[in-house]
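In this text, all values refer to a predicted model and were calculated from it rather than measured experimentally.
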Amino acid sequence: MNVGVAHSEVNPNTRVMNSRGMWLTYALGVGLLHIVLLSIPFFSVPVAWTLTNVIHNLGMYVFLHAVKGTPFETPDQGKARLLTHWEQLDYGVQFTSSRKFFTISPIILNYL
């Protein structure tokens with residue numbers, strides 16, 4: 001039962017990373033995490049960068065690759081229940097802008 005649903009997607013998980021401002025919010029979240037880690041007095045800058053990278057990568061692994069299903073009920077008769085968020089992203093189409101962004105962002109974060 002989808003009462004009060006304001007989208008036309010069968011599975012909103014497929015398009016959430018393409019929504020307006022999501023990439024900026026993602027980058028600001030990583031930057032905020034780094035600033036919070038820098039504010040801890042006994043962390044040096046290299047330790048803060050290392051912890052930013054490790055926390056980011058662990059969080060994204062859990063969010064994109066370990067958790068299966070959707071956080072809401074979908075009318076797709078359970079098709080999304082067995083898929084990870086990465087598999088649901090852009091309906092599984094490879095080489096989309098969202099997938100490229102989430103592939104290259106940890107690489108860039110590693111070199112900072």
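- I55 and F43 fall within a single hydrophobic cluster, where Ile, Leu, Val, Met, Phe, Trp and Tyr are joined by side-chain heavy atoms under 4.5 Å apart, directly or via other members.
- Atom-to-atom distance recorded for N57:CG and S105:OG is 8.5 Å, nearest 0.5 angstrom.
- To the nearest 0.5 Å, atoms CZ (F102) and CD1 (I107) are separated by 13.5 Å.
- Under a hydrophobic clustering in which Ile, Leu, Val, Met, Phe, Trp and Tyr are joined whenever their side-chain heavy atoms come within less than 4.5 Å, directly or via other members, I35 and V54 fall into different clusters.
- With 3.5 Å as the limit, one finds a donor-acceptor pair spanning the side chains of H56 and Y26.
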Test side chain to side chain contact (heavy atoms under 4.5 Å, CB included) on L64 and T84 and set out the steps.
CA-CA 6 Å; L64 289 177; T84 64; over 6 Å; no
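- Hydrophobic clustering (ILVMFWY, side-chain heavy atoms < 4.5 Å, transitive): F42 and V47 are in one cluster.
- Inter-residue side-chain proximity for S98 and W23 is flagged as met; some heavy-atom pair is nearer than 4.5 Å.
- Side-chain contact between L112 and T52 is absent, with no heavy atoms from C-beta onward closer than 4.5 Å.
- Heavy atoms only, all atoms of each residue included: Q94 and R99 are closest at NE2-NH1, 3.6 Å.
- One hydrophobic cluster, built from ILVMFWY side chains closer than 4.5 Å, holds both Y61 and V67.
- Going from atom CG of L33 over to atom CG of N53 covers 10.0 Å, rounded to the nearest 0.5 Å.
- Other residues, nucleotides and ligands contribute over 12 non-hydrogen atoms within 6.0 Å of the CD1 atom of I40.
- Atom NE2 of residue H65 and atom CE of residue M60 lie 8.0 Å apart, to the nearest 0.5 angstrom.
- Linking Ile, Leu, Val, Met, Phe, Trp and Tyr whenever their side-chain heavy atoms come within less than 4.5 Å puts M22 and F63 in one cluster.
- Partner of W49 under the side-chain contact (heavy atoms from CB on, under 4.5 Å) criterion, chosen from N110, L109, L38: L109.
- In this structure, the separation between CZ on F95 and NZ on K100 is 8.0 Å, given to the nearest 0.5 Å.
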